[in-house]
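Here's the structure we're looking at; comments come further down.
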Amino acid sequence: MSYIIYIIIQIFVMVLTAPLVNGIIKKAKAFSQKRTGPPVFQMYYDLYKLIQKGTVVSDVSSWIYKAAPYVVFSTALAAALLVPVSTLVTPTNSIPGDFILMVSVFALGRFFMMAAGLDTGSTFGGMGSSREAMISSLAEPSILVCLFTAGLIAGSTSLDGMMTFMQGTGTSPTHPVVVLLFLALLSIIMMETARIPVDDPSTHLELTMVHEAMLLEYSGRHLALMEYGAAIKQLVFMTLLVNLLIPHDQLIGFAGVGAVVVSLLIYLLKVILLAVLIALVEINTVKLRLFSIPNLAALSFILSFLAFLQYFLMGGGNV
Amino acid sequence: MGALQIDNFIHTSILIFAVGALVALALGKRDRLCNLVSNSICIAAGLLLMVASAMKLLSGSDLIQIELFQSSLPFLTLEMKIDNLSALFLMILSVLTICVSIYSMGYISHYYGKRHVGLFNFLYITFILSMIFVFTSSNAVFFYMAWEAMSLLSYFLVIFESERMENQRAGTLYIVMTHIATAFLLIGFMIIYSYTKSFDLFGSSDAIPDTAKNIIFILFLLGFSTKAGAIPVHIWLPYAHPAAPSNVSALMSGIMIKTAIYGLIRFVLGFLGVQHTWWGALLIGVGIVSAVLGVAYALMEHDIKRLLAYSSVENIGIILIGLGVSFTALAQGNEMIGALALIASILHAVNHTFFKGGLFLGAGSVHYATGTKDIEKLGGLIKVMPVTAVLVLCFSLAISAIVPFNGFISEWLTYQSIFAYIAPGQAGTNILFILAVAALGLAGALAAACFVKLFGISFLGLPRSEKISNVQEVPVTMNIGMGILAFLCLLMGVFPLFIIRLIDGVASDLIGNSILGQLQGGFLLTWYSMDLSGTVISPFEILIALGVLTLLALLAIRVFGGEYMERKYGTWDCGFEGINSRTQYTAAGFSKPIKIVFRILFRPSRKTEAIGGTYYYPDRIEYKVESESIFEKYVYLPAFSRIRTFSRRTKFLVQTGNIQNYLVYIFITILALMAYNRFV
Amino acid sequence: MSSLFDTLSVIILLTSFVLVANKRIKSYIKTFRVQSAFIALAAGIMGIQSIMEEGRIDVLVVCFVIVVLKVIYIPKLLSRTYSGVEYKVEKDFILNIPILVLICCGLVVFTYFSIATIDGISQGYNDIQIVNSVSVVVIGLFFMISRKKAIGQIIGFLVLENGIFITAMFATDGMPFIVDMGIFIDMLTAVMIMGIMVYQISDKFDTINIDKLNKLKG
């Protein structure tokens, strides 16, 4: 029973919060440029409008083109089930997945997205797919080493277990391993969710597109599903960062439904703050040249690797 | 089901195979009948073998002994001993044989009237027989004979289409490399014999001193990794696998390179006993290099079968990483993790047999239907070959370790075994292990990119050349053969425990430790880690979750968005109205960013040539990119040229053509032998 | 409190990685400035600690000197020198950036292995700090090797000195005052001389790319 409650709360929170993050980031960027910018809830309106429109399907494409949006959306949401938004609602027998499974589920979505880019026979789709292939392969060692280190500290690869452990140890946020993991996960979010400095999410120039290029042919409800899937993926990574490294559930002294509500509100606050931080990074950097992205990926890998070194070679001290 | 019945089944199946080989030869000229009959015999024998080996693994009875040939010559006893390890490899051999034989019924039809189908089937069946003997031989002499037979028969199969120059060269390279490997093995066997005075593989190795064990390990590593195709001795793989006919390539890449893994486990783990940590560390190092370099080279290929051959190198790397972790753990006395890593490694070998076999069969289907193996000329095949496309998609997902297929399960187990083993304090191996994790991640992501390229460019989009405009779906038997393998991949991915139970028998046999107690349930796969709550993954639940969420999404969209309206139009072309197959992405273009990132590995060189017209408005432009193979250029070619100059020089010294010189050689040799007799 | 120094040592190590990953002269100087600021922060905290515990003000004075010299004066001197020097847009480093970064990573591992067996260090709480600081020294030296323009050598030398200083700080809670001051004056003189020499070299040979300087042989 607690399992069903957990699933319902996860889906509810993730689906409702995902477009809000994009709105906050756009608002923060506009604020820095002394513009008013679009309203914070703009993405909800956009998605609603898109769902109601008809679609134009290319006659070159096959069933993969039509299946890909559903695969992307459902894999993003399935991965969202593996990353708890609040450890107070996790079921008693653990959730059926760990971070390796999460990475693999995202890989399924990415495979179909890249195939769909090639399906329409257009140059932009192929370009987007090939660039995405390069960026995602460079980001993957970094994600694995980073999460592995966090898992080794906690003694388990299950995300639920890792979050519970980090709450229990009372680590200060200025511990070197936490700082390194935070920076590593931040750079991974940049690479995986197509933000500046890796890819500009609001560009219209094909020269600078990566993620947008794969979506170029989509319209109507298909486009809505792809955008929604990308937003949920972004939220999943952000949840991973805030709940793992800045745990808050141990501060709630009481239990019951009120505690869950308080926990979710604090989680929302953390996500909003992280969104503002991401917007700050976007404002202050420029989109890198495509072949400078390996430099960023190398730095990201170094951050994860140093976190591993610091923790393990120094005798696995107290975190 | 007692040992006797298993014994009989295996005996019968070997007899059926032998009969099938003779029948194939006898029916030589009647192509269709020969094809049908010999493949059916293969399927029947394969079924028997599969049932027998599954029964052996499930019943857990001890060693099964079958004597084939007893002779008075010393050591020439052909005896088969089947324990759990042999039974497992026999089982995957038989499953692959059944599927490839079903496939061959349709595939060989393109040889009708052109070649000797009877000869082909004879070689095919005897090749399978030789592999059965490799897996089950009980003493080193029999193993060596079966190994040599396997190499020779596969050489004949590789050069079966011998009128093409590149096939002949591929065959020569293959036979030379495999004989060098066998030479190393032979030296190893001789050293073992000199200490233990017996060739029995199931005996004890206590009589061998420690330094000799190290030397034997290095020799076996060199020999077996050449057969397996680990870097840097992999150079024969990309030539031999494309040259062979596709069903033979499926067998070679599916099960022949696993004989090397079998050899490593049997000889090093079973016979020598792992005692040093550096053995495992060396294996992990070789595995890391093979995994990353293999898939990097695969990305650059545009011939389907060369791409798949390099991808086999990558997967051998992953298997060696798992094996290395197991050896390291066993050397330090940690039997549980040693068993877990061994199971992960063998499971990946099993998975690789199925999905790589399927991929080679798919490449064969594409070649059968279109007549070309070059991805750059394909495209849009999903519309004309829909079933093949779905099956190749399944195999591509499986090899990229994507849920819910079986590749994910073995990679997950490998990650978990490394995770369980990293502990504070052992600094050196910790760094190696985390590098292994990074290498596995990089190899996995690059493999996904590589197979998106293979699937996307071959099957999706518009056709890239006129050759393939009238393509039809392949014969049904070919799709059935592949379909069985795809179904197995999905089944083993969603319900992994039934195959892990079988492999667990191997681990408990060799190491004495069974981890099945920690893996519970039918759907769930649980590994209890060191400190905290258990880590549970359930591919079945994720599959259900994906299905339910897709339905929810459809429902929500229907509620909010109304009915589905669709309009078909051309792909967006910026208003030029010029979209044709030339404006699509090519395979070379797709992998170009990765080539530029890893250019140190590839050293690409490019050549642009403008043909015709004037300098600024040429008629055609030809653009050629070549990546050179580092190993061939810097390691093998210098070595071979040096050997050649050395032999040429000594040839002139020794073979002078003068009869008196030769008589002097004979005379000196006889005198030396007589002196040896006196002084030693 | 020691956790704060651990974090600071890690951040200083990170800035040296960022330095190696940079490609432009202005970024080198900016990163050096940031690194010196963090070192000044560490020295400052140590100084306040030593005032409260023992009443010595020398560490705080050293912190002040660092701020004046390395955060303000030397970067300004270097950027002024380099704005006067002809700047050709050419590749300044050997190989490519990701490989340089990975080599630096290997250097950190190597430093750990070399220091781990020194008695009294592997059990101490300042283990992380010492390894990170010595790594900064080694990375500074590597930076000198990997850059072709003369500015690379100067900044590398400065980072080297940074690393030595922070190692001494973490290991011994502040070196004797005279030694610190001596080192600073040495370094200041060296940088001024190097700045003047670079200007002269550029004037005479029209380039500060040390690859071209090997035409001087024979």
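Computed from heavy atoms alone, side chains included, the values below leave out hydrogens, waters and symmetry copies. First the proteins, then the strands, lettered A, B, ... as listed; each starts at 1.
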Point-to-point distance, once rounded to the nearest 0.5 Å, from [atom1] of [X] to [atom2] of [Y]:
{"X": "Ile434(B)", "Y": "Leu152(A)", "atom1": "CD1", "atom2": "CG", "value": "6.5 Å"}
{"X": "Leu118(A)", "Y": "Phe590(B)", "atom1": "CG", "atom2": "CZ", "value": "5.5 Å"}
{"X": "Gln584(B)", "Y": "Thr120(A)", "atom1": "CD", "atom2": "OG1", "value": "8.5 Å"}

Using non-hydrogen atoms only, which part of [X] is less than 4.5 Å away from chain A: side chain, backbone, both, or neither?
{"X": "Lys383(B)", "value": "side chain"}
{"X": "Phe455(B)", "value": "side chain"}
{"X": "Leu299(B)", "value": "neither"}
{"X": "Thr586(B)", "value": "neither"}
{"X": "Phe459(B)", "value": "neither"}
{"X": "Ile382(B)", "value": "side chain"}
{"X": "Tyr415(B)", "value": "both"}
{"X": "Glu563(B)", "value": "backbone"}

Which answer fits [X], side chain, backbone, both or neither, if we ask what part of it has an atom under 4.5 Å from a heavy atom of chain B?
{"X": "Ser136(A)", "result": "backbone"}
{"X": "Phe106(A)", "result": "neither"}
{"X": "Lys66(A)", "result": "side chain"}
{"X": "Ile293(A)", "result": "neither"}
{"X": "Leu50(A)", "result": "neither"}
{"X": "Ile7(A)", "result": "neither"}
{"X": "Phe305(A)", "result": "side chain"}
{"X": "Phe112(A)", "result": "side chain"}
{"X": "Phe291(A)", "result": "side chain"}

Tell me, out of [options], who's got the most heavy-atom pairs with chain B below 4.5 Å.
{"options": "Asp119(A), Val56(A), Ile51(A)", "result": "Asp119(A)"}
{"options": "Ser137(A), Ala224(A), Gly151(A), Gly54(A)", "result": "Ser137(A)"}
{"options": "Arg221(A), Met114(A), Glu132(A), Gln52(A)", "result": "Arg221(A)"}
{"options": "Leu225(A), Leu77(A), Leu138(A)", "result": "Leu77(A)"}

Note, [X] side chain near [Y] side chain (heavy atom, < 4.5 Å):
{"X": "Met134(A)", "Y": "Ile596(B)", "answer": "no"}
{"X": "Val105(A)", "Y": "Ile542(B)", "answer": "yes"}
{"X": "Leu549(B)", "Y": "Tyr70(A)", "answer": "no"}
{"X": "Ser129(A)", "Y": "Val452(B)", "answer": "no"}
{"X": "Leu397(B)", "Y": "Phe111(A)", "answer": "yes"}
{"X": "Leu216(A)", "Y": "Trp572(B)", "answer": "yes"}
{"X": "Thr550(B)", "Y": "Phe73(A)", "answer": "no"}

For the pair [X] (side chain) and [Y] (backbone), establish whether a donor and an acceptor sit closer than 3.5 Å, ignoring hydrogens and angles.
{"X": "Thr55(A)", "Y": "Met565(B)", "answer": "yes"}
{"X": "Thr571(B)", "Y": "Ser122(A)", "answer": "no"}
{"X": "Thr123(A)", "Y": "Thr583(B)", "answer": "yes"}
{"X": "Ser104(A)", "Y": "Ala401(B)", "answer": "yes"}

What residue in [options] has the most heavy-atom pairs under 4.5 Å with chain A?
{"options": "Leu552(B), Leu546(B), Leu462(B)", "answer": "Leu546(B)"}
{"options": "Tyr585(B), Phe560(B), Tyr569(B), Phe451(B)", "answer": "Tyr585(B)"}
{"options": "Ala438(B), Ala449(B), Gly456(B)", "answer": "Ala438(B)"}

Quick check on the structure: residues of residues 140-150 of chain A within a heavy-atom distance below 4.5 Å of chain B, by number.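 Glu140(A), Pro141(A), Leu144(A), Val145(A), Phe148(A) fall under the 4.5 Å cut-off.
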
Does the plane of the ring in His222(A) sit parallel, tilted or perpendicular to the ring in Tyr564(B)? Use 30° and 60° as the thresholds.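 Judged by the thresholds at 30° and 60°, the geometry between His222(A) and Tyr564(B) is tilted.
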
